[in-house]
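The structure appears below as structure tokens.
Both ligands and their constituent atoms are indexed starting at 1 by order of listing.
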Amino acid sequence: MDEITSLAKRRGFIFPGSEIYGGLAGFWDYGPLGVELKNNIKREWWKSMVYEREDVVGIDASIIMNPEVWKASGHLEAFTDPLVECKKCHARFRADHFSELNDLEKEEDTWVEKWRGFYNLRHSNQGLDEAKKAFQEFRLKGKVACPNCLQISEYTEPKSFNLLTEVYLGTTQPKQKAYLRGEITQGVFVNFQNIINSTRVKIPFGVAQIGKAFRNEITPGNFTFRSREFEQMELEYFIKPDEKEAWKVFEFWKNERLNWYINLGIKRENLRFRDHSLQEKAHYARFATDIEYNSFFGWKEFEGIHHRGDWDLGRHRLTYKDPDTKEEYVPWVIETSGGVDRSLLFFLLDSYSKDGQRTILKLNSKLSPYKLAVFPLLANKEKLVEEARKIYQELKTKFNTFWDERGNIGKRYFYQDEIGTPWCVTIDFKTLDDDTVTVRNRDTTKQERVSVGMLEKYFGEKLK
Ligand code: GAP
């Protein structure tokens with residue numbers, strides 16, 4: 001994680017939020033490369049969920065809604081995490097994460113790794129063996145250590161902690177209390193009738209949305225993985241209330257979403273489905289499956305597929321009238337709910353690789369912030385620079401293209417590899433003779449000569 005956070009900051013992907021004032025836990029800013037990567041992820045999602053389908057339309061609802069929405073949706077009552085406090089150091093943890101961290105039977109290796117991480121912070125140069133020994137001692141004592149103070153401690157009983165973030169509106173006292181949305185989803189349900197009335201959609205159909213959500217997480221952490229402000233990309237797919245149909249649609253979307261990640265380059269072996277147990281299911285879900293990523297901090301959720309049944313429309317007292325049969329019913333909803341920030345983090349982790357001195361982000365070219373970089377071989381040869389600028393200006397109108405004339409060509413390649421640029425175009429002395437340039441491939445480092453007039457077609461084909 002250190003390597004990734006350092007790269008993310010050094011190269012302008014992700015910065016700690018309000019860093020010059022010491023930051024704020026759970027908030028992150030996306031830099032010049034981060035915003036490109038994020039936009040590319042969102043664009044690919046929108047393309048596959050809306051543009052490539054006939055049965056899905058999009059919306060963009062507001063972040064703050066009438067508080068009655070959250071009462072009806074059950075979030076005011078049930079959108080909670082269990083909180084426990086260490087009686088020695090008073091650090092607070094999510095009880096479910098805390099017990100996972102201390103689950104002595106299940107994931108010994110993960111636990112040892114985590115323990116070693118905490119231990120190393122306080123006692124440098126301690127290796128895995130020491131951590132294992134200490135872990136065994138803990139196990140024998142049958143007690144659990146506080147992840148913060150590392151002492152065998154006692155904890156308060158778990159308390160329910162609501163994750164909705166409160167905001168206060170208006171100028172007169174008392175101000176009106178409202179909430180930043182904890183999931184973007186409710187904006188779709190409250191507009192259900194508007195969408196039906198204003199479009200030609202008929203059940204089955206879906207509504208897609210991308211937008212910010214906010215959760216007052218007890219323990220934000222693992223870089224952007226658990227933030228307090230993040231973006232979601234969601235589809236609410238409305239169907240007739242029918243169990244067989246629901247499972248068919250559920251399976252369909254599970255596979256669609258898994259394949260979306262695979263097609264954008266996440267390695268298949270790093271992905272899996274995991275069904276939720278009865279205890280962990282959200283209050284609105286009849287059934288839930290996560291798509292998980294095999295990160296170095298364990299298998300972690302980056303998208304949830306939920307069978308929400310008639311929970312939401314039922315609670316908002318909304319029904320659907322079939323325009324053909326005139327039958328009226330409360331539709332069921334199958335939801336796919338992914339995190340933009342988590343996807344971005346996992347795309348970074350999965351594409352991060354080393355080849356000797358080279359650090360390479362092997363991002364799918366559709367996601368890469370820059371598609372191309374253009375260089376003159378030598379910055380002090382006027383004719384080369386002039387020709388290179390001409391080619392750069394031309395390509396820039398078609399693809400997001402980087403210009404670089406600093407340092408030597410090797411250093412420029414290294415820089416582009418590190419930010420995931422798939423192709424570098426070098427203008428050299430041969431260009432002045434025969435109008436061809438060198439195109440170098442990030443992943444193979446192979447180079448080929450391409451004529452200047454063919455460049456747009458060449459890259460256009462590659463990016464298809
Ligand atoms: N509408 C359903 C819903 O919100 P969820 O499983 O709570 O379901 C969906 O969240 C996705 O949102 C998660 O899979 C994750 O990618 C993202 N997400 C949730 N909480 C997050 C957080 N604190 N930080 C970053 N992403 C988060």
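Below 30°, between 30° and 60°, or above 60°: for His306 and Tyr284 the angle between ring planes is above 60°, a perpendicular geometry.
In this structure, Arg43 is not positioned above the aromatic face of Trp46 in the sense of NZ or CZ being under 6.0 Å from the six-membered ring centre and within 45° of the axis.
The single protein non-hydrogen atom nearest to atom 10 (O) of ligand 1 is Gln232 NE2, 3.4 Å, given as residue, atom name and distance. Regarding atom 15 (C) of ligand 1, its nearest protein heavy-atom neighbour is Arg342 NH1, 3.5 Å. Atom 14 (O) of ligand 1 has its closest protein heavy atom at Glu301 OE2, 2.5 Å.
On a distance-only criterion, Gly339 and ligand 1 share at least one N/O pair closer than 3.5 Å. Where the criterion is an N or O separation shorter than 3.5 Å, residue side chain and backbone included, Thr185 meets it with respect to ligand 1. Considering backbone and side-chain atoms alike, Arg226 places every N or O at 3.5 Å or more from each N or O of ligand 1. In terms of N/O distances under 3.5 Å, ligand 1 is approached by Phe225.
Side-chain polar atoms of Asp55 and Tyr237 form a donor-acceptor pair below 3.5 angstrom. No hydrogens or angles considered: nothing links the side chains of Tyr320 and Glu328 as a donor-acceptor pair under 3.5 Å.
Here is the list of ligand 1 atoms found below 4.0 Å of a heavy atom in Glu303: 14 (O). Of all the atoms in ligand 1, the ones that sit under 4.0 Å from a non-hydrogen atom of Ser337 are 1 (N), 2 (C), 3 (C), 4 (O), 8 (O), 9 (C), 10 (O), 11 (C), 14 (O). Distances below 4.0 Å separate heavy atoms of Glu234 from the following atoms of ligand 1: 1 (N), 2 (C), 3 (C), 4 (O). Under a 4.0 Å criterion applied to the non-hydrogen atoms of Ser227, ligand 1 contributes the atoms 22 (C), 23 (N), 24 (N), 25 (C).
Residue nearest to atom 5 (P) of ligand 1, selected from Arg181, Glu183, Arg215, Glu335: Arg215 (by heavy-atom distance). Closest to atom 27 (C) of ligand 1 by heavy atom, among Tyr293, Phe230, Phe346, is Phe230.
Under a 4.0 Å heavy-atom criterion, Arg308 is in contact with ligand 1. At least one heavy atom of His306 sits closer than 4.0 Å to an atom of ligand 1. Ligand 1 has no atom lying under 4.0 Å from any heavy atom of Asp341.
Atom NZ of residue Lys212 and atom CZ of residue Phe230 lie 10.5 Å apart, to the nearest 0.5 angstrom.
For Trp332 and Phe238, the distance between ring centers is not under 6.0 angstrom. A ring-centre distance under 6.0 Å is found for Phe225 and Phe297. Tyr415 and Phe402 have their aromatic ring centers within a separation under 6.0 angstrom.
Each side chain to side chain donor-acceptor pair (under 3.5 Å) pair with one or both residues in residues 13-34, not counting sequence neighbours, appears once here: Lys9-Glu19, Tyr30-Asp341.
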As a quick check of understanding, evaluate side-chain hydrogen bond (donor to acceptor under 3.5 Å, both in side chains) for Gln186 and Asp312, giving each step before the final call.
CA-CA 8 Å; Gln186 295 304 320; Asp312 303 275; 3.1 Å; yes
Determine, step by step, whether Arg11 and Glu418 satisfy the salt bridge (charged side-chain N to carboxylate O under 4.0 Å, His left out) criterion, reporting the C-alpha distance in whole Å, the side-chain angles of both residues, the deciding distance to 0.1 Å, and the verdict.
CA-CA 8 Å; Arg11 295 300 181 216; Glu418 212 183 10; 2.8 Å; yes
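With a 4.0 Å heavy-atom cut-off, ligand 1 is reached by the side chain of Tyr284 but not by its N, CA, C or O.
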